[in-house]
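A note on names: the letters A, B, ... follow the listed sequences, proteins ahead of strands, and every chain is numbered from 1.
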Amino acid sequence: MASYHFNTIEKNWREYWAKHETFKAVNDTSLPKYYVLDMFPYPSGAGLHVGHPLGYIASDIVSRYKRHNGFNVLHPMGYDSFGLPAEQYAIQTGQHPAITTEENIKRYREQLDNLGFSFDWSREVRTTNPDYYKWTQWIFLQLFKSWYNNASGKAESIETLLKEFEASGNAKVNAACEETALFDASQWKGFTEKEKEEILLNYRLAFLSEAMVNWCPELGTVLANDEVKDGVSERGGYPVERKLMTQWSLRISAYAERLLQGLDTIEWSDSIKEAQRNWIGKSEGTSLKFLFSSPLSPLHVRGKVASGVAEEDEENDLWFVTGDKAIYFKLKEFARENRRNHTAEEDIIWQKVRNRQLENVKFRRQHIIDRFIADFVSFEYSLIVEIDGLIHNLPDHIISDEARTARLNELGFTVVRFTNKEVNTDLKSVLSRLSDIIKNTKTASTSPTEKGQEIEAIEVFTTRPDTIFGVSFLTLAPEHALVSRITTPEYKAAVDTYVTTSKNRSERERMADVKTISGQFTGAYAEHPFTKAPIPVWIGDYVLAGYGTGAVMAVPAHDSRDYAFAKHFNLPIPEVVEGGNIAIESYDAKEGKLINSDFLNGLEVKAAIKKAIAKIEEEGLGKGKTNYRLRDAVFGRQRYWGEPIPIYYKDGIAYPIDEKDLPITLPEIDKFLPTETGEPPLARATNWKYNSREIEKTTMPGWAGSSWYYLRYMDPHNDQEFASKTAINYWQNIDLYVGGSEHAVGHLLYSRFWCKFLKDIGKVPFEEPFKKLVNQGMIQGMSSIGVNVAQTLKPYVISDGSANNEVLSLPNIYISIELFKIYSLGMNENEYVDEYYKVVKIIENKLVEASKKLFGREKISLGTTPSNTVFSTRHNIPIEFVENNILNIERITGDVQFKDAIFIYDQEFICDTQVEKMSKSKRNVVNPDDICKQFGADTLRLYEMFLGPLQDAKPWSTQGIEGVHRFLKKTWRLFHNNVDEDFELSDEAATKAELKTLHKTIKKATEDIENFSFNTSVSAFMVCVNELQDLKCNKREILESFIILLSPYAPHICEELWKLCGHTESIERATWPTFNAEYLIENEFNYPISFNGKVRFNLNFALDKDIKEVEQAVLANEQTQKYLEGKAPKKVIVVKGRIVNVVL
RNA sequence: GCCCGGAUGGCGAAAUUGGUAAACGUUGCGGUCUCAGAAGCCGUUGUAGCAAUACUUGAGAGUUCGAGUCUCUCUUCGGGCACCA
């Protein structure tokens, strides 16, 4: 064996490991366990690029390190193989996603194998495997069969809920659920099966509900919130709109508090924890009711009226609450006015009905009912008579008349309308029709009308109850249920228009113009809970229907959004907290003293919040409350390539498929598209064995399978359970999880949710799946950019020079970056003019040359100099044609895509560079296979670790890879003699210096792995080898230990050297060397001597020398004297083994 | 707008957690070996200066005997959240 032949060595060892199952983890063992997991990849068609292995290498190093330290290590790998790309590909090509997936997996496996990872492949998991997704479906069924009991703080079987309902209804149940009407036990028993199931759906953790969802028309499916970024789908970037649909969802919101609390117990990066906290979005505040001055309904109240304005009907001993206080007096004025300025037709009728002339019925004229002024009204008969003039035929009047009639009907009135014309021409029939109606109407009962729910208050949620005296209006979400009922007739048209427009605005539009302020007054007023002042009620789309109560109390002085709204609509901005300048902007900070705030005056914000909540609770106006931003996760996808949801329907009721019938496997279908009627692709299945029942046609989202895969690795072939209790109890949760931060709120949150649920139902013993999480940074690509100036040069080659003046169409014209700079600068700046013309000459020559080649014309006429504007587009040039920014023209023009392109350059074609995400479309992908071929997997592994801290993003560059390769060659040479390159070690005892070098490295390597500081341990290895080389060390004692340290990073070369050392077993079985501090003990130290903190020179002293003696020796030194300039030092600080500082 | 994380030679980066800034690697330059090249090997490479020496961690201030490291203000670059009341 001569020099280091990495290709052969690596191939041999990979075969050895596979044959001997070196990395197989065993389940039943007395050894301590260590579970290292990588986020399993989605096998895309593009294959792995050099960025992917970064995390795998790190986790592999840790796995190997732990094995050396006596742990039974579980380090598995698998594939997250359901997903959109394979299905999109299937739609385009007709290729079955299963086939595409299989091919991609094969390629992934080859690439992974090339890197020498110590995965236990006997435990491979694929989410698309029916043996696997059987259990994904099983977990879904458990969610369906469970509800979340807030009282016990965990999920429970739906059976416990049924028992409770049967015993005492739902009044005492404290569940995470949809709002459900109260019922008692007897009512429950009286419900039909369908009614019962519908109620249960409100409680189930997997439930069907009608909800606003993110609908992506391009992908033909709904998406979860975390799959939508900036209003477009995360996969593909297609627009997403809001749509009301009936959908399967998972009640993750039930776990909001536990998901939040759990974050404090796990070792994750601050940024990911913060992202999750943000996503969960806990906020503590209070609910608060804004009462309406008078209940809008019931209208008729017998006896005394608690609030509002009432008029007495003496004769019948009735009190009539006839209007809202806020507008009552205004209306009363109008009414008086109307009576004075009555129309002729109104007067004709009045003269016929006054004083009980007609059927002995008492009519009132121009009377206020609710928010309207009725022409004539009889309370006894709940009858309203309206005489409509011509104006009522105008379109907007028709609308408001309808609304008015509807509202009055709702209040129990019969509304009769006559036109002026009818009154004038046929009074007789008008009066007789009126008589008939009266005869056919029963006298109004004196009990309150049943119709319409009582609107007493608008409830808001606020985190700033201290600013209650700064409220100047309320804003409701346009979708708020009360909007239509509180809107006054005169605002109805405007409110309707506003509601419709905001509904039609897509999510994206709403996001795109956050700045635009819009809203509409409803005409309604609520009452301030303390001052009783009327507060106008607005609607505005800055208020979200889905959060809190969908209504806010607007405090413009102390909330920037309310401020903007108030400014825009010119609403008052009362200041209640000192400290800001509300003339310029709102003062949102939770600091300062309360002013203009009655009982809160003078308090600090924090104290004021407490006091305000206390007062609100005391008066029964509201309650301290916690809100979460986290929404339930939409779970159904209208797609083919996912796990079928194990549900069937009978009479419109969803039932779970029997667990023993799982898995529900995917059917074969003809096309991977929705049906003509818009049903999901599964509806195309003609001979699916489940077709006998009406089975659910949507499938699960991509994150379903990945939410629990880590459990399956523990016991991957179990067909009785998703994993045996023994296996789960042994492996427990993951000790180290490595993956990208892009899954911060998706996968990582869902997995935690499922884990907590599985714990609740007694299937796993732990609350958190991933104890420690390390996010590897992205390895970015270095793109080579060519400047395409075809547009600019168009005027140059304008014709072919022939008589016909045929215009030639130009191919892509790329120009070298430096020529481009001169060219574009020179056009506008005189100092570059000479160079500019040189470049123009080069361009002309190139173009002529290219024309000859492309068009076969000897002569072409060149147009005039291009205009001052440089049109250029930047194109990514495939990096395989570029080396050190220099484009290989010969090779690129040999490529079919570029064969006609014109390249303009002087000596060499220099590309511009840009760091961006590595991707196929950017043509900047570096394939690890190529690096392996050139330098070997060990070099690649070591180099990726050496690039920088694991967590940091860094651009890929091959600069430096040779240094790492050189290091491995040096290591190899340590074991071989210089003369004939034969393996040769000495069995002599190691010297002190050699031992010091080794143990320094043991210490560093051990600490660095524990701290995930892989880059620094690589440099420690380099230092070690450099030192050993200087010491000409070839001692077995030293070198054998060293290669154990190195082996997690560069396993192949170390295995080979280990074997050459005479070992018959894999180095993987060797014990990690023990660090012995004795070898590092020094007896003297070269003290840096500093003056006022600046180091000037060094002095050597024994380490056991007394501090005082050191001080004296330093002061006695002649160099010290120079810096002292004859003065006495103020102070001398001696830190043993560190530094001496003389203060002047 | 809010929240996190950065900023150190030509480049990737390191710094025992407050104690000699720039380890390790790369690049460049010089040398050696060689018919020549590759591969090795040796020297050198923060800035200014012939030098002794002085200065230097985005900017400014502060704490300290001593600050890349702690505190405050600002500049700037990443990342996350984004009408969440």
Side-chain angles (χ1 to χ4, degrees), chain A residues 3 229-230 269-279 281-283 285 460-464 467 475 477 510-511 513-517 540-544 546-555 558-562 564-565 585 588 627-631 741-742 744-745 775 777-778 942-943 946-949 951-964 966-967 969-970 973 978 1003-1004 1007 1013 1015-1026 1029 1086-1098 1129-1135 1137-1144:
Chain A
S3 55
K229 288 251 150 71
D230 300 325
S269 73
D270 288 341
S271 60
I272 298 273
K273 284 193 190 183
E274 205 50 40
Q276 293 216 348
R277 285 197 190 102
N278 242 318
W279 193 258
K282 179 178 183 172
S283 65
V460 301
F461 173 77
T462 179
T463 54
R464 295 294 304 274
T467 61
T475 316
R510 264 171 91 152
M511 296 246 233
D513 73 9
V514 170
K515 298 271 132 51
T516 313
I517 294 150
D541 68 4
Y542 80 98
V543 178
L544 302 176
Y547 183 78
T549 62
V552 302
M553 59 175 226
V555 183
H558 307 290
D559 181 287
S560 53
R561 292 150 307 174
D562 298 339
F565 196 85
E585 56 177 4
D588 297 17
N627 262 326
Y628 299 92
R629 199 150 76 191
L630 184 67
R631 304 295 152 80
S741 54
E742 66 273 19
V745 289
N775 297 113
M778 201 196 336
L942 218 42
Y943 180 60
F946 187 60
L947 268 176
Q951 287 90 340
D952 290 6
K954 51 226 150 204
W956 175 261
S957 128
T958 38
Q959 277 202 341
I961 196 163
E962 293 189 35
V964 171
R966 217 167 277 155
F967 157 74
K969 285 197 280 191
K970 266 191 214 172
R973 276 203 304 274
N978 285 335
K1003 182 166 187 278
K1004 185 91 178 117
E1007 285 170 356
S1013 179
N1015 55 329
T1016 51
S1017 62
V1018 176
S1019 74
F1021 294 143
M1022 289 172 169
V1023 173
C1024 180
V1025 166
N1026 288 346
Q1029 197 178 41
N1086 200 16
Y1087 281 88
I1089 313 301
S1090 61
F1091 296 83
N1092 286 340
K1094 288 196 189 341
V1095 176
R1096 298 303 178 190
F1097 58 93
N1098 285 20
K1130 273 194 192 139
K1131 205 173 173 187
V1132 180
I1133 289 140
V1134 182
V1135 183
R1138 277 276 150 77
I1139 202 165
V1140 176
N1141 191 20
V1142 183
V1143 187
L1144 301 175

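- With hydrogens and angles disregarded, a donor-acceptor distance shorter than 3.5 Å links the side chain of A/N1141 to the backbone of A/G1093.
- When side chains are defined from C-beta on, A/D562 counts as touching A/Y542, because their heavy atoms get closer than 4.5 Å.
- For B/G9, the O4'-C1' to base torsion is within 90° of 0; the nucleotide is therefore syn.
- If you measure from atom NZ of A/K1094 to atom P of B/C65, you get 16 Å, rounded to the nearest angstrom.
- In terms of heavy-atom proximity, A/P1088 sits nearest to A/V1095 at CB-CG1, 3.9 Å.
- Nucleotides B/A54 and B/A61 place their C1' atoms 24 Å apart, quoted to the nearest Å.
- Between the CG atom of A/D559 and the P atom of B/G1 there is a distance of 16 Å, rounded to whole Å.
- Listed nucleotides: B/A85, B/G19, B/U20. Nearest to the side chain of A/T462: B/A85.
- At a threshold of 4.0 angstrom between heavy atoms, the contacts of A/I1133 include nucleobase atoms, whether or not backbone atoms are also involved.
- A/S1090 places a side-chain N or O within donor-acceptor distance of the main-chain N or O of A/V1140, the cut-off being under 3.5 Å.
- Comparing the P positions of B/U44 and B/C77 gives an interatomic distance of 40 Å, to the nearest angstrom.
- For the pair A/L544 CG and B/A85 P, the computed distance is 10 Å after rounding to whole Å.
- With a cut-off of 3.5 Å on both pairing distances, B/A38 has no Watson-Crick or G-U wobble partner at all.
- Residue A/N1015 has a polar side-chain atom (N or O) positioned under 4.0 Å from OP1 or OP2 of B/A14.
- Between A/R966 atom CZ and B/U26 atom C1' there is a gap of 9 Å when expressed in whole angstrom units.
- Whole-Å rounding puts the A/R1096 CZ to B/U53 P distance at 10 Å.
- Checking B/C81, B/A21, B/C3 against the side-chain heavy atoms of A/W279 singles out B/C81 as nearest.
- Rounded to the nearest Å, the gap between the C1' atom of B/A23 and that of B/C29 is 22 Å.
- For B/C65, the base has a donor-acceptor partner in the side chain of A/N1141 [N/O atoms by modelled type, under 3.5 angstrom].
- At a threshold of 4.5 Å between non-hydrogen side-chain atoms, the residues A/K1004 and A/T1016 count as touching.
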Contact list (N/O, under 3.5 angstrom) for nucleotides 15-17 of chain B vs protein:
none

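- Residues A/I961 and A/F946 fail the side-chain proximity criterion, which asks for heavy atoms closer than 4.5 Å.
- Taking every side-chain heavy atom of A/R973 into account, B/G40 is the closest of B/A14, B/G40, B/G19.
- Comparing B/C50 with B/C11, their P atoms sit 25 Å apart, to the nearest whole Å.
- Across the strands present, B/G66 finds no partner; the criterion is a Watson-Crick or G-U wobble pair with both atom distances under 3.5 angstrom.
- As judged by a 4.0 angstrom heavy-atom cut-off over every strand, A/V1095 is placed among residues touching the sugar-phosphate backbone only.
- Atom CD1 in A/I272 sits roughly 10 Å away from atom P in B/G80 (whole-Å rounding).
- A distance of about 14 Å separates the P atoms of B/A22 and B/U47, rounded to the whole Å.
- Only the P atoms considered, B/C70 is 8 Å distant from B/G18, to the nearest whole Å.
- Note on A/T475: every side-chain N or O is 4.0 Å or more away from OP1 and OP2 of B/A85.
- With ring centers used as reference points, A/W279 lies 6.0 Å or more from A/Y628.
- In this structure, A/F1097 places its CZ atom 16 Å from P of B/U20, rounding to the nearest Å.
- Between A/S741 and A/I272, the closest side-chain pair of non-hydrogen atoms falls below 4.5 Å.
- Taking only side-chain atoms of A/N1026, from C-beta outward, the nucleotide of B/C41, B/A23, B/G25 with the closest atom is B/G25.
- The aromatic rings of A/F1021 and A/F967 sit parallel, their planes meeting at an angle under 30°, below the 60° perpendicular limit.
- A/K970 comes within 4.0 angstrom of sugar-phosphate atoms only, judged by non-hydrogen atoms across all strands, and of no base.
- A distance of about 7 Å separates the C1' atoms of B/U63 and B/U71, rounded to the whole Å.
- Applying the side chain to side chain donor-acceptor pair (under 3.5 Å) rule to A/K970 yields the partners A/N1026; only residues at least two apart in sequence or on another chain are considered.
- Nucleotide B/C29 forms a Watson-Crick or G-U wobble pair with B/G43, both donor-acceptor distances falling under 3.5 Å.
- Nucleotides B/C41 and B/C33 have their C1' atoms positioned 8 Å apart, rounded to a whole Å.
- Nucleotide B/U17 carries a syn base; the chi torsion (O4'-C1'-N9-C4 or O4'-C1'-N1-C2) is within 90° of 0.
- When distances are taken from the side chain of A/K954 to each of B/C24, B/A13, B/G19, the shortest belongs to B/A13.
- Between A/Y542 and B/A85 there is no side-chain polar atom (N or O) within less than 4.0 angstrom of OP1 or OP2.
- Counting any heavy atom pair closer than 4.0 Å across all strands shown, A/P949 reaches sugar-phosphate atoms only and no base atom.
- The closest side-chain heavy-atom distance from A/F461 to A/S283 is below 4.5 Å.
- Following rounding to the nearest Å, A/M1022 (CE) and B/A14 (P) show an atom-to-atom distance of 14 Å.
- Note on A/K969: a side-chain N or O is less than 4.0 Å away from OP1 or OP2 of B/G40.
- Comparing A/L947 and A/L630 along RNA chain B, the residue whose closest nucleotide (by nearest heavy atom) sits nearer the 5' end is A/L947.
- Across all strands, A/V1135 comes closer than 4.0 Å to base atoms (heavy-atom distances).
- Proximity note for A/V1143 (side chain, C-beta onward) versus B/C41, B/C65, B/C3: the nearest is B/C65.
- Searching all strands for a Watson-Crick or G-U wobble partner of B/U71 with both distances below 3.5 Å returns B/A61.
- Between A/N1086 and A/S271, the residue whose closest nucleotide on RNA chain B is further toward the 5' end is A/S271.
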